[in-house]
Amino acid sequence: MTIKKTYEEINKKIKKGEAVVVTAEEIIPIVEEKGVEKAAEEIDVVTTGTFGPMCSSGAIINFGHSDPPIRMQKVWLNDVEAYAGLAAVDAYIGATQISESRGMEYGGAHVIEDLISGREIKLRALSNGTDCYPRREIETHITKESINQAVLFNPRNSYQNYNVAINTSDRKIYTYMGILLPKMGNANYCTSGQLSPLLNDPKFITIGVGTRIFLGGAQGYVVWEGTQFCPMSLKTDDGKTVYRGGTLAVIGDLKEMSPDYIRAAIFKGYGVSLLVGIGVPIPILNSEVMKYVAVKDEDIYTEIVDYSFPRLNRPSLGWVNYKQLREGRIRVRGKDVPTSPLSSYAKAREIAQKLKEKILKGEFLLQEPIQKFPKEREFKPLLEIR
Amino acid sequence: MLKKKVIFTFSSENVERPVTYQLIKKYDLWVNILQAKFKPSLGGKLVLELKGDEKQIKEGLDFVRQIGVQVELLEQEVLWDEKKCVDCGACVSICSTGVLSLDKVTYKLKFDYEKCIVCGNCVEACPLGAIKVTF
Ligand code: SF4
Ligand code: SF4
C-alpha cells in the first residue's frame, strides 16, 4: 500500500501538536532503518536549511513622504546607491552595490544588516523637483521603525547545487567563491548538501510559488522561480544524475528578521554579498517525496571547475560528492587539495532545527504551492548583437 | 617556563647548520616546527615554537644569531571573534598550517592557536571580518 497525505491533513496534525517532524539530516538513518514506505507513513515533515552567500538579494524600502515632498530620483543609504526609478519614495537596495565613500568595505548587504539590527542609516536623495514634488534634495536618518515597508526580496537564492571552484594558474585569484590559491592550493564549494532545500526536493514536487519558508529568521515565501532557473537534471559520464539549476525568488518582512540569519559578507578582491539563511519544510505527501529527502552527502555530486579560466564556460576537472568535500580534502588530478565550504553547515543545521521546532510548536504551517514551477527552462547566454 | 614563536631566515652559507638539533641538545629547549621552507644551497625559512627556561631561550637564540641566521620574534597575535564568526569555513582551506578546521561533529570552526604562524592569510579570506592580526 502506498501512503498518501494532503497538506490539510499535515496542517491539522501540526495544529494539534501531533505532527512528526525531523530534519533532512535526521531522516537519513530513519529511512536506512525503516525503509522509504514505513518512514513516509510515520514522518509528516522534513525540514531543510542553508546559510550562504546569495548575491542576488536586496530590499524594497518605502521611506514615507517628507514635507515638502520629494520625488526621489537618486537615493543613497549610508553612501550606497539604491535604485529609485520607481514612484516617489520607493527604492530597491541591492546587496552587492558598494559604498561611494568606503568602497568594498561597506555595501548594500551591510545596509540591510544594519537596518535589521535596528541601526540608524543615513538617507540622501536628489530630485529634479516637480510641481507636485517641489523638493530637490533631502538628507536625513532612518531606522526600520521609522520607515513604512522594508521587504527583503531576493530574485535568486538557494541555488540547488553549485560548482567546486579551483585555480590551476600560478597566481592567487580573488573570486565570488573566495580566495583561490595557485596551483590547486585549495578548493571552495558552497552548498549545504544533504541539508540543502532544493537538493531535498530536486524535482520540485512540493516547492513552488507560494511555499511558506523560513527566511532570515522570519516567515517568508517563495514568490517565483529564481532567475536563471533551470530545473532539468543532467547525467555525468558514469551515469550519475545531477540536479543543479534550481533557484528560488523569495520574499519576507525584513523588519522581523534577525542578524543571526542575515549577514553582510565581504569577499576580498571581489566585493560584497549577503549571507542569507533559508529553511524550507518538505511535506511528506507520499513515498516519492520521502525517497528524495533521504538523500545523503555521498549521493550528491558536483563539478570541479577551474576559475582561473576567464571565460563563461570554464574547464571541468571532474566530479566529487559532498561527503568527500566535507571531509576537508579531495583529490584532483592526483593532488590532495584542502576544501572550504563558504556555506555554513553549522548554521544550515541550526536553521533546519529551528524550523522543526516552530512546526512542532504549531507556529509554522505548511502552504501548498498555488502554482508549480516549469519543468523545463532554457539557460540562455547573452549574445552580442551589433 | 617561557614560550616564544620565532622565524629563522637562513642564507646559502648557514642553511646546512643543524640549528634545531643544537637548540634541543645544547639548550634543552622544546622545539615545535610550525613551518619550514627550504631551497637546498640557497637558504630558507623556519617558523618554530620554542618552550623552555627564559635564560636558555635567550642563549639559544644568541647562538643562532651568531652563526648568521636572522632571528625574528613573532610578537603578533591572531584574534578570532567567535561572535562574528558564522562557521562558514572560508578560512579553513587557506591556512597552510592546519590551525583552522571545522569540527567533524558540530561543523563549527576550531582555532588551534598553538600552531599559528600569524601569516595573515585567513584575515583576508574571512568574509565576516571575524579574524584580525594585532601587534
Ligand atoms: S594567521 Fe591564519 S592562516 Fe596564518 S597560520 Fe594563523 S590561522 Fe593559519
Ligand atoms: S571565514 Fe570567518 S566567519 Fe567563516 S569560519 Fe572562518 S572565521 Fe568564521
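First the proteins, then the strands, lettered A, B, ... as listed; each starts at 1.
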Student: Chain B contacts: which residues in residues 320-339 of chain A have a non-hydrogen atom closer than 4.5 Å to it?
Tutor: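 Counting heavy atoms that sit under 4.5 Å from chain B, the residues of residues 320-339 of chain A involved are A:Arg326, A:Glu327, A:Pro338, A:Thr339.
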Student: Quick one: which residues of residues 171-188 of chain A reach chain B at under 4.5 angstrom, heavy atoms only?
Tutor: A:Lys172, A:Tyr174, A:Ile179, A:Leu181, A:Gly185, A:Asn186, A:Ala187, A:Asn188
Student: Less than 4.5 Å to any heavy atom of chain A: does that hold for the side chain of B:Leu100, its backbone, both, or neither?
Tutor: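 Contact with chain A is absent: no heavy atom of B:Leu100 under 4.5 Å.
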Student: Does a side-chain heavy-atom distance below 4.5 Å link A:Arg263 with B:Val86?
Tutor: yes
Student: Let me know if B:Val105 has heavy atoms under 4.5 Å from chain A in its side chain, its backbone, both or neither.
Tutor: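 For B:Val105, backbone heavy atoms alone lie under 4.5 Å from chain A.
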Student: Might you confirm whether atom CG of B:Asn32 has over 12 heavy atoms from other residues, nucleotides or ligands at distances under 6.0 Å?
Tutor: yes
Student: Could you check whether atom OH of B:Tyr113 has more than 12 heavy atoms from other residues, nucleotides or ligands sitting under 6.0 Å from it?
Tutor: yes
Student: If I measure from the heavy atoms of chain B, does A:Ala348 come under 4.5 Å with its side chain, its backbone, both, or neither?
Tutor: neither
Student: Kindly give the heavy-atom pair with the smallest separation between B:Tyr107 and A:Ala346, and that separation in Å.
Tutor: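 Nearest pair, atom of B:Tyr107 first, then A:Ala346: O-CB, 3.5 Å.
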Student: Under 4.5 Å heavy-atom distance to chain A, tell me which part of B:Cys126 shows up: side chain, backbone, both or neither.
Tutor: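 B:Cys126 touches chain A through backbone heavy atoms alone.
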Student: Can you say whether B:Lys84 sits under 4.5 Å from chain A via the side chain, the backbone, both, or neither, judging by heavy atoms?
Tutor: both
Student: If you count heavy atoms of other groups shown closer than 6.0 angstrom to NZ of A:Lys354, is the number above 12?
Tutor: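 Check fails, neighbour count at 12 or below.
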Student: Would you check if B:Leu128 and A:Ile266 make a side-chain contact, meaning some heavy-atom pair closer than 4.5 Å?
Tutor: no
Student: For the OG atom of A:Ser343 and the CG atom of B:Asp87, what is their distance to the nearest 0.5 Å?
Tutor: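 With rounding to 0.5 Å, OG (A:Ser343) is 11.5 Å from CG (B:Asp87).
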